[in-house]
Amino acid sequence: MRITGNTLTRRGFGVILAAGLLATGLTACANSDTGDNAGGTTGDDKIVLGFSQVGAESGWRTANTTSVKEAATEAGIELKFDDAQQKQENQIRAIRNFIQQKVDVIAFSPVVESGWDTVLKEAKDAQIPVILTDRAVDSADKTLYKTFLGSDFVKEGRLSAEWLIEETKSATGPVNIVELQGTTGSAPANDRKKGFAEAIAANPNLKIIASQSGDFTRAGGKAVMEQFLKANPKIDVLFAHNDDMGLGALEAITAAGKVPGKDIKIITIDAVKDGMQALADGKFNFIAECSPLLGPQLMELAKKVHAGEEVPARIETEETTFTQQTAKEALPNRKY
């Protein structure tokens with residue numbers, strides 16, 4: 001078949017036109033897939049939450065991490081998770097990384113209370129709202145974060161002391177107390193110590209004869225309790241700032257030939273499953289609850305602050321206390 005010049009021209013034009021349309025289509029698809037990710041949002045406008053966790057020092061913390069991760073999935077929020085391994089410098093580095101990644105919201109549980117103003121100012125300047133979870137900071141500038149979600153640690157210490165006051169009201173002599181504090185400088189350690197000390201202050205027979213940090217870990221609780229037992233021949237009560245330290249101390253008490261829960265009464269805070277089992281078994285005597293299941297509330301707050309909605313400056317979690325009988329009743333349905 002003979003092809004004329006006009007035919008070739010028409011066909012050549014058609015090929016060029018088709019190629020141009022194809023290129024345009026490919027360019028449009030590329031823009032649709034990548035989207036504009038400024039501010040950390042993905043192409044489908046999914047909220048991106050950067051979360052810096054203290055670490056994995058206890059059963060409570062593990063349950064808290066699980067709650068955050070599961071809640072983010074259920075809420076359709078993209079979670080960028082970082083484990084600070086109980087080091088403030090790691091947490092500050094993670095927050096700066098979140099700022100560079102232009103996430104939509106930053107949330108974190110501060111390792112300690114002090115030293116956050118500079119990095120929080122950086123987040124504020126980048127117009128990224130910050131939510132504090134579980135632990136507070138001592139910044140005088142309350143505009144550096146939107147809200148604090150967590151427990152009333154002072155109240156937990158006070159409730160622990162009130163149980164002890166009632167339990168020892170018939171005691172005629174001094175009641176010697178040793179205290180296992182949480183991580184030095186952390187909000188729960190500071191506040192639980194404060195609440196407990198203030199409540200027993202009106203009872204001169206209740207004496208804290210030794211107080212030291214076990215860093216919220218089971219190993220730390222055991223090691224410090226061994227020192228307490230060697231240095232103090234008469235210990236009546238142990239007040240541990242969390243269950244894990246109490247469980248470690250329980251091992252030390254047993255190894256020393258004493259009966260936990262009887263020879264030495266044990267008060268702890270958290271109410272994780274292992275602690276609740278020790279309470280149900282009579283090895284612990286009292287637990288003030290501190291719930292780790294903050295994930296669902298955190299995701300709701302993330303959505304609200306991202307949308308520019310006003311939220312309360314302080315949101316307290318609902319909690320209770322447990323004795324041996326109530327621990328037995330609660331254990332079968334315990335989620336953590």
Does Val178 share a hydrophobic cluster with Ile267, counting links as ILVMFWY side-chain heavy atoms below 4.5 Å and allowing steps through other members?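 Not linked; separate clusters.
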
Quick check: is Ile264 connected to Val175 through a chain of hydrophobic side chains (ILVMFWY, heavy atoms under 4.5 Å apart)? no

Any donor-acceptor N or O pair under 3.5 Å, side chains [X], [Y]:
X: Gln101; Y: Asn97; answer: no
X: Gln53; Y: Asn64; answer: yes
X: Ser151; Y: Glu319; answer: yes
X: Ser211; Y: Gln181; answer: yes
X: Thr217; Y: Asp215; answer: no

Please determine whether salt bridge (charged side-chain N to carboxylate O under 4.0 Å, His left out) holds for the pair Lys194 and Glu179, giving the CA-CA distance in whole Å, both sets of side-chain angles, and the decisive distance to 0.1 Å. CA-CA 12 Å; Lys194 177 183 177 182; Glu179 179 181 30; over 6 Å; no

Given side chain to side chain contact (heavy atoms under 4.5 Å, CB included), test Glu57 with Asp244 step by step and report yes or no. CA-CA 9 Å; Glu57 77 283 0; Asp244 277 78; over 6 Å; no

I'd like to know whether Ile287 forms a side chain to side chain contact (heavy atoms under 4.5 Å, CB included) with Asp270, so could you lay out the CA-CA distance, the side-chain angles of the two residues, the decisive distance to 0.1 Å, and finally the verdict. CA-CA 7 Å; Ile287 298 178; Asp270 275 355; 5.6 Å; no

Looking at every heavy atom in both [X] and [Y], which two are closest together, and how far apart are they?
X: Leu247; Y: Gly275; value: CD1-N, 4.1 Å
X: Asn90; Y: Ala84; value: ND2-O, 3.0 Å
X: Lys304; Y: Val311; value: CB-CG1, 3.9 Å
X: Leu331; Y: Gln277; value: CD1-OE1, 3.5 Å
X: Met276; Y: Ala330; value: CE-CB, 3.9 Å
X: Ser109; Y: Val54; value: O-CG2, 3.0 Å

Just wondering, are more than 12 heavy atoms of other shown residues or ligands nearer than 6.0 Å to [atom1] in [X]?
X: Gln127; atom1: CD; answer: no
X: Glu310; atom1: CD; answer: no
X: Glu318; atom1: CD; answer: no
X: Lys234; atom1: NZ; answer: yes

Side chain [X], main chain [Y], donor-acceptor under 3.5 Å:
X: Glu78; Y: Val48; result: no
X: Ser213; Y: Gly182; result: yes
X: Lys265; Y: Leu238; result: no
X: Lys142; Y: Ser139; result: yes
X: Gln324; Y: Phe284; result: no
X: Arg334; Y: Ala327; result: no
X: Thr62; Y: Ser58; result: yes

Could you tell me the separation between the [atom1] atom of [X] and the [atom2] atom of [Y], rounded to the nearest 0.5 Å?
X: Thr66; Y: Lys335; atom1: OG1; atom2: NZ; answer: 13.5 Å
X: Arg135; Y: Asp191; atom1: CZ; atom2: CG; answer: 11.0 Å
X: Lys303; Y: Asp104; atom1: NZ; atom2: CG; answer: 13.0 Å
X: Ile92; Y: Glu122; atom1: CD1; atom2: CD; answer: 9.0 Å
X: Asp152; Y: Glu316; atom1: CG; atom2: CD; answer: 4.5 Å

Which residue, Thr133, Leu294, Val105, Thr147, forms the side-chain contact (heavy atoms from CB on, under 4.5 Å) with Leu301?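 Option passing the side-chain contact (heavy atoms from CB on, under 4.5 Å) with Leu301: Thr147.
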
Consider side-chain contact (heavy atoms from CB on, under 4.5 Å). Of Asn203, Ile177, Leu206, which one does Thr168 pass it with?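 So, applying the side-chain contact (heavy atoms from CB on, under 4.5 Å) to Thr168 and each of Asn203, Ile177, Leu206, only Leu206 qualifies.
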
Can I get a per-line list of side-chain donor-acceptor pairs under 3.5 Å for residues 154-165, giving both atom names and the distance, sequence neighbours left out?
unit_1	atom_1	unit_2	atom_2	d
Glu156	OE1	Arg192	NE	2.8
Glu156	OE1	Arg192	NH2	2.9
Ser160	OG	Glu156	O	2.9

Run through Asn242, Asn285, Asp243 and flag the one making a side-chain hydrogen bond (donor to acceptor under 3.5 Å, both in side chains) with Thr268. Asp243

Less than 4.5 Å apart, any side-chain heavy atom of [X] and any of [Y]?
X: Leu144; Y: Val130; answer: no
X: Ile128; Y: Val103; answer: yes
X: Ile209; Y: Phe228; answer: no
X: Lys124; Y: Thr143; answer: yes
X: Asp138; Y: Trp116; answer: no
X: Leu293; Y: Tyr336; answer: yes
X: Gln227; Y: Asn232; answer: no
X: Met225; Y: Ile253; answer: yes

Please confirm whether Lys69 makes a cation-pi placement over Phe81, using NZ or CZ under 6.0 Å from the six-membered ring centre and within 45° of the ring normal. yes

Please determine whether side chain to side chain contact (heavy atoms under 4.5 Å, CB included) holds for the pair Phe51 and Lys80, giving the CA-CA distance in whole Å, both sets of side-chain angles, and the decisive distance to 0.1 Å. CA-CA 6 Å; Phe51 182 79; Lys80 294 184 181 294; over 6 Å; no

Is the shortest distance from a Lys or Arg side-chain nitrogen in [X] or [Y] to a carboxylate oxygen in the other one below 4.0 Å?
X: Asp263; Y: Lys258; answer: no
X: Asp134; Y: Arg61; answer: yes
X: Glu251; Y: Lys222; answer: yes
X: Arg218; Y: Asp274; answer: yes
X: Asp117; Y: Lys121; answer: no

Given the side-chain rings of Phe322 and Phe286, with only the six-membered ring counted for Trp, is the space between their centroids under 6.0 Å? no

Check the pair Phe239 / Phe196 against ring pair (Phe, Tyr, Trp, His ring centres under 6.0 Å), numbers first and verdict last. CA-CA 9 Å; Phe239 170 46; Phe196 189 85; 4.1 Å; yes

Can you list the steps and then say if Lys87 with Val111 is a side chain to side chain contact (heavy atoms under 4.5 Å, CB included)? CA-CA 7 Å; Lys87 294 181 179 179; Val111 175; over 6 Å; no

